[in-house]
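Reading through the structure tokens given below for one structure.
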Amino acid sequence: MMRRALDLAASVRCVTSPNPWVGCVLVSRDRRIYEGATEAVGGRHAEAVALDAAGPAAEGATVYVTLEPCSHEGRTPPCAQALIDAKVGRVVIAVDDPDWHVEGQGIDALRAAGITVDRAGDGDVACAEALLEPYLVQRRTGRPYVVCKLAATMDGRTAAPDGTSQWITGAEARADAHRLRAESDAIIVGAGTVRADDPSLTVRLVDAPRGNPRRIVLGTIPDGAKVLPATEHDGALEPLLDVLAIEGCVQVLVEGGAGVAHAFHAAGLVDRYVLYVAPMFFGGDDARGLFAGAGAATLGDAWRGRIDRVDRLGDDLRVELVAAS
């Protein structure tokens, strides 16, 4: 049941931000199953959807939910109280909510009402934490979860010496990159990328239920650029991320170019790198690299991460890297 709840949560990954994407499965005492997933902002949370579907059958039911039910009044009533009012018998939770409005208060309220609260198994907990990682990081750190997207040849080059780079990767990889845009609340690029490529930075190859993410350009935006309207930013990166979090950004996608990627990387602000690798070689040292700027002076100073996932997308590879633990 928890695995089904996780599938439901994953199905609304691009829908719910800045709220967490949550799934809920309610099993009645006569073993009927009712499901729910968090709706768009202002809509019902996953628990409320499942409770509405179940109606009176919720009494005495077991509820499986991927994130601790909220305990505060926000845009919608608190889910913990809704479960209490429905007189469910047991709630199984995968992940505690680190939001300061909750932080265990949902669990405490359920237990105080006589409802049994259990933890999901370790495997389901790990899956839920991975699925909710951007939300969890944003709530724990006060900064958005930063994904740095890179595309390169097998010899680590992102563009030819003349600047041409479309298209290094194939259609499947490009569609996946647009999915990253759809999941993100903001996209950050440098003014040099805008001047060179004039990108629109919109979501085009996949569905975008929330519309296009905010577009932020580091530097001055040229008149008539496709990215307009967008936000210009010339200051330090950390304050920018702080403001974005306050404004409700859960995930930020850094798309480039090489100077911007280097700035985020060197400052230690990247939570996850997504690298699309094409079966190509430029075959020399004059093509552009992934990062622009001073790198490690010696091997011992080089950044070493951990490969978290590898997928094949058509002829390309999609490699996810995180900092080594």
Would you please test Arg204 and Ser200 for side chain to side chain donor-acceptor pair (under 3.5 Å) and show each step?
CA-CA 10 Å; Arg204 299 184 300 280; Ser200 62; 2.9 Å; yes
Got a second to check how far Cys79's SG is from Asp85's CG, nearest 0.5 Å?
11.5 Å
For Asp198, enumerate each residue passing the salt bridge (charged side-chain N to carboxylate O under 4.0 Å, His left out) test, keeping only those at least two apart in sequence or located in another chain.
none
Can you sort out the partners of Thr153 under side chain to side chain donor-acceptor pair (under 3.5 Å), two or more places apart, ordered by chain and number?
Asp155
Kindly indicate whether the side chain of Ile187, heavy atoms from C-beta on, has any atom under 4.5 Å from the side chain of Ile216.
no
Look at atom CG of Asp286 and say whether more than 12 heavy atoms of other residues, nucleotides or ligands are closer to it than 6.0 Å.
yes
Tyr145: which of Gln138, Arg272, Gln251 passes side-chain hydrogen bond (donor to acceptor under 3.5 Å, both in side chains):
Arg272
N/O donor-acceptor pairs under 3.5 Å from side chains in residues 61-69, not counting sequence neighbours:
| from | atom 1 | to | atom 2 | distance (Å) |
| --- | --- | --- | --- | --- |
| Thr66 | OG1 | Gly23 | N | 3.1 |
| Glu68 | OE1 | Asp97 | N | 3.0 |
| Glu68 | OE1 | Gly104 | N | 3.3 |
| Glu68 | OE2 | Gly104 | N | 3.1 |
| Glu68 | OE2 | Gln105 | N | 3.4 |
| Glu68 | OE2 | Gly106 | N | 3.0 |
| Glu68 | OE2 | Ile107 | N | 3.1 |

Quick check: do Glu59 and Val88 have side-chain heavy atoms less than 4.5 Å from each other?
no
Checking Asp271 now: which residues fulfil salt bridge (charged side-chain N to carboxylate O under 4.0 Å, His left out) with it, not counting sequence neighbours?
none
Could you give me the CA-CA distance, side-chain angles and deciding distance for Asp176 and Tyr276, then say whether side chain to side chain donor-acceptor pair (under 3.5 Å) is met?
CA-CA 10 Å; Asp176 190 79; Tyr276 299 95; 2.6 Å; yes
Heavy-atom count check: over 12 atoms from other residues, nucleotides or ligands less than 6.0 Å from Leu228 CG?
yes
Group every Ile, Leu, Val, Met, Phe, Trp and Tyr by side-chain heavy-atom contacts under 4.5 Å, then state whether Val91 and Ile84 land in the same group.
yes
same_hphob_cluster(Val137, Leu321) at 4.5 Å side-chain heavy-atom cutoff:
no
Show every donor-acceptor pair shorter than 3.5 Å between a side-chain atom in residues 233-240 and any protein atom, with sequence neighbours excluded, or say none if there are none.
| from | atom 1 | to | atom 2 | distance (Å) |
| --- | --- | --- | --- | --- |
| His233 | NE2 | Gly235 | N | 3.4 |
| His233 | NE2 | Gly235 | O | 3.2 |
| His233 | NE2 | Ala236 | O | 3.0 |

Between Met154 and Pro279, which heavy-atom pair has the shortest distance, and what is it?
CG-CA, 4.0 Å
Please determine whether a side-chain nitrogen of the Lys or Arg among Glu172 and Arg312 lies less than 4.0 Å from a carboxylate oxygen of the Asp or Glu.
no
Do you see a donor-acceptor pair shorter than 3.5 Å between the side chains of Thr141 and Arg143?
no
If you round to the nearest 0.5 Å, how far is CZ of Phe264 from CG of Leu269?
6.5 Å
So Tyr34 and Val49, do their side chains get closer than 4.5 Å, heavy atoms only?
no
Going only through I, L, V, M, F, W and Y residues with side-chain contacts under 4.5 Å, is there a path from Val22 to Leu51?
yes
Can you give me the closest heavy-atom contact between Ile168 and Ala278, atom names plus distance?
O-CB, 3.2 Å
Looking only at non-hydrogen atoms, find the nearest pair between Leu110 and Ala80 and report the distance.
CD2-O, 3.7 Å
pair Phe291-Thr158: side-chain heavy atoms closer than 4.5 Å:
no
Side chain to side chain contact (heavy atoms under 4.5 Å, CB included), that's the test. Do Val92 and Met1 meet it? Break it down for me.
CA-CA 10 Å; Val92 182; Met1 292 298 104; over 6 Å; no
Residues in side chain to side chain donor-acceptor pair (under 3.5 Å) with Asp7, at least two apart?
none
What I'd like to find out is whether the side chain of Asp197 reaches to under 4.5 Å of the side chain of Val194, using heavy atoms alone.
no
Under 4.5 Å side-chain heavy-atom separation, chaining through any Ile, Leu, Val, Met, Phe, Trp or Tyr, what else clusters with Val203? Say none if it is isolated.
Val206
Where the side chain of Thr193 meets the backbone of Val189, is there a donor-acceptor pair that is under 3.5 Å apart?
no
N/O donor-acceptor pair under 3.5 Å between Glu232 side chain and Ile221 backbone
yes
By the ring-ring contact (aromatic ring centres under 6.0 Å, His included) test, which pairs, at least two apart or in different chains, include something from residues 296-322?
His265-Trp303, Tyr273-Trp303
CG/Asp118: more than 12 non-hydrogen atoms of other groups inside 6.0 Å
yes
If hydrophobic clusters are built by linking Ile, Leu, Val, Met, Phe, Trp and Tyr wherever their side-chain heavy atoms come under 4.5 Å apart, do Leu253 and Leu150 end up in the same one?
no
Closest non-hydrogen atom pair between Cys148 and Ala261, with its separation
SG-CB, 4.1 Å
Main chain of Val117, side chain of Arg111: is a donor-acceptor contact present, judged purely on distance under 3.5 Å?
yes
Does anything in residues 92-121 pair up under ring-ring contact (aromatic ring centres under 6.0 Å, His included), and if so which pairs, sequence neighbours excluded?
His72-His101
Would you say the side chain of Arg215 lies within less than 4.5 Å of the side chain of Thr231, judging by non-hydrogen atoms?
no
Any idea which heavy atoms bring His45 and Cys70 closest together, and the distance?
ND1-SG, 3.7 Å
Heavy atoms only: give me the nearest Leu8-Ala37 pair and the separation to one decimal.
O-CB, 3.7 Å
Could you check whether any side-chain N or O of Thr169 sits under 3.5 Å from a backbone N or O of Ala173, counting only pairs where one atom can act as donor and the other as acceptor?
no
Does the side chain of Asp185 reach to within under 4.5 Å of the side chain of Pro213, using non-hydrogen atoms?
no
Given the rule that I, L, V, M, F, W and Y join up when any side-chain heavy atoms are under 4.5 Å apart, are Val217 and Val260 in one cluster?
no
Do the side chains of Arg181 and Glu183 get close enough for a salt bridge, i.e. N-O under 4.0 angstrom?
no
Given the rule in the side chain to side chain contact (heavy atoms under 4.5 Å, CB included) test, do Val95 and Leu136 qualify, once you have shown the distances and angles that lead to the verdict?
CA-CA 9 Å; Val95 178; Leu136 298 175; 4.0 Å; yes
By salt bridge (charged side-chain N to carboxylate O under 4.0 Å, His left out), which residues pair with Asp96, not counting sequence neighbours?
Arg119
Restricting to side chain to side chain donor-acceptor pair (under 3.5 Å), what partner residues turn up for Arg44, sequence neighbours left out?
Glu39, Asp52
Check side chain to side chain donor-acceptor pair (under 3.5 Å) between Arg306 and all other residues, then give those that pass, not counting sequence neighbours.
Asp308
SB check Asp311 Arg309 (cutoff 4.0 Å):
yes
Begin with the C-alpha distance, continue with both residues' side-chain angles, and end with the deciding distance and a verdict on side chain to side chain contact (heavy atoms under 4.5 Å, CB included) for Arg210 and Ser17.
CA-CA 9 Å; Arg210 296 183 293 129; Ser17 187; 3.6 Å; yes
Minimum side-chain heavy-atom gap Pro144-Val250 below 4.5 Å
no
